[in-house]
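Here is the structure we will look at.
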Amino acid sequence: MAFAVTNVVRGTPEELSLIIADLERRGFEDLRSQPGFRGARLFVAEDRTEAMTVTEWDSREQFLAYRQSEAGRRVVEDAVRWHPKIAFYDV
């Protein structure tokens with residue numbers, strides 16, 4: 001079964017501009033090389049006070065393997081400062 005992960009962050013338009021710049025700088029290149037990775041998208045609210053990333057994976061197990069990898073741990077460590085709301089979905 002496919003698996004999706006959402007990360008939602010909220011803040012002022014100024015804070016969100018920093019978050020978006022950070023995401024664009026980092027990009028999704030590390031993810032593209034991960035086994036089971038299907039794709040990622042960034043959504044930004046019209047008022048620029050909320051952003052959401054959605055990543056899709058072939059399976060929950062492949063997502064967890066990525067999260068436990070060195071690259072995955074770095075992403076988590078970087079994201080913690082933005083206090084994202086994270087949710088997991090079977091697709």
Side-chain angles (χ1 to χ4, degrees):
M1 178 176 292
F3 190 72
V5 181
T6 62
N7 288 273
V8 177
V9 293
R10 292 186 173 95
T12 66
E14 295 78 19
E15 291 169 326
L16 220 47
S17 290
L18 294 173
I19 294 167
I20 292 166
D22 188 44
L23 286 169
E24 288 174 340
R25 178 186 50 77
R26 184 180 314 121
F28 295 115
E29 280 69 37
D30 282 347
L31 290 175
R32 288 187 179 107
S33 65
Q34 299 301 313
F37 177 72
R38 290 185 175 190
R41 297 192 64 183
L42 169 64
F43 297 89
V44 180
E46 286 182 327
D47 66 1
R48 301 192 66 81
T49 61
E50 182 176 277
M52 175 175 62
T53 60
V54 178
T55 59
E56 292 187 55
W57 300 83
D58 287 340
S59 70
R60 182 178 194 280
E61 292 73 26
Q62 288 173 312
F63 165 73
L64 291 175
Y66 164 70
R67 281 287 297 266
Q68 295 168 359
S69 71
E70 183 178 330
R73 286 192 306 269
R74 273 195 318 269
V75 167
V76 170
E77 289 169 4
D78 287 347
V80 166
R81 64 186 161 145
W82 303 116
H83 306 286
K85 180 180 182 281
I86 302 169
F88 306 99
Y89 299 88
D90 291 326
V91 179

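Below, all heavy atoms of this structure are taken into account, side chains as well, without hydrogens, waters or symmetry copies.
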Note to self: My understanding is that a hydrophobic cluster links ILVMFWY residues whose side chain heavy atoms are under 4.5 Å apart, including indirect links. Using that, what else belongs to the cluster containing Tyr89?
What the structure shows: none
Margin query: Can you give me the closest heavy-atom contact between Ala2 and Arg38, atom names plus distance?
Written below: CB-NH1, 3.4 Å
Notebook entry, point to check: Glu15 versus Val9: any side-chain heavy-atom pair under 4.5 Å?
Noted result: no
Check: Does Arg10 have any side-chain hydrogen bond (donor to acceptor under 3.5 Å, both in side chains) partners at least two apart in sequence or in another chain, and if so, which?
Finding: Glu50
Next item on the list: Decide whether Val44 and Val8 are clustered together by the hydrophobic rule: side chain heavy atoms of Ile, Leu, Val, Met, Phe, Trp, Tyr closer than 4.5 Å, transitively.
Entry: no
Note to self: Suppose we screen for side-chain contact (heavy atoms from CB on, under 4.5 Å). Which residues come up paired with Leu64, at least two apart in sequence or across chains?
What the structure shows: Arg60
Note to self: Strictly by ring-ring contact (aromatic ring centres under 6.0 Å, His included), give each pair with a member in residues 32-55 just once, sequence neighbours left out.
What the structure shows: Phe37-Trp57
Margin query: Against Leu23, only a single residue in Leu18, Asn7, Leu42 fulfils side chain to side chain contact (heavy atoms under 4.5 Å, CB included); can you say which?
Written below: Leu42
Notebook entry, point to check: Rounded to the nearest 0.5 Å, how far does OH of Tyr66 lie from CZ of Arg73?
Noted result: 11.0 Å
Margin query: Tell me the closest heavy-atom pair linking Val91 and Met1, and the distance in Å.
Written below: O-CG, 3.4 Å
Note to self: Within the structure provided, determine whether Pro13 and Asp47 are in side-chain contact (heavy-atom separation under 4.5 Å).
What the structure shows: no
Item checked: Test side-chain contact (heavy atoms from CB on, under 4.5 Å) applied to Glu14 - qualifying residues, sequence neighbours left out -> Thr12
Notebook entry, point to check: Can you tell me how far CD of Gln62 sits from CZ of Phe3, rounded to the nearest 0.5 angstrom?
Noted result: 11.5 Å
Residues 75-87, side-chain donor-acceptor partners within the protein, below 3.5 Å, at least two apart:
unit_1: Arg81; atom_1: NE; unit_2: Asp78; atom_2: O; d: 3.1
unit_1: Arg81; atom_1: NH2; unit_2: Asp22; atom_2: OD2; d: 3.1

Checklist line | Contact check, side chains of Leu31 and Thr55, non-hydrogen atoms, under 4.5 Å | finding: yes
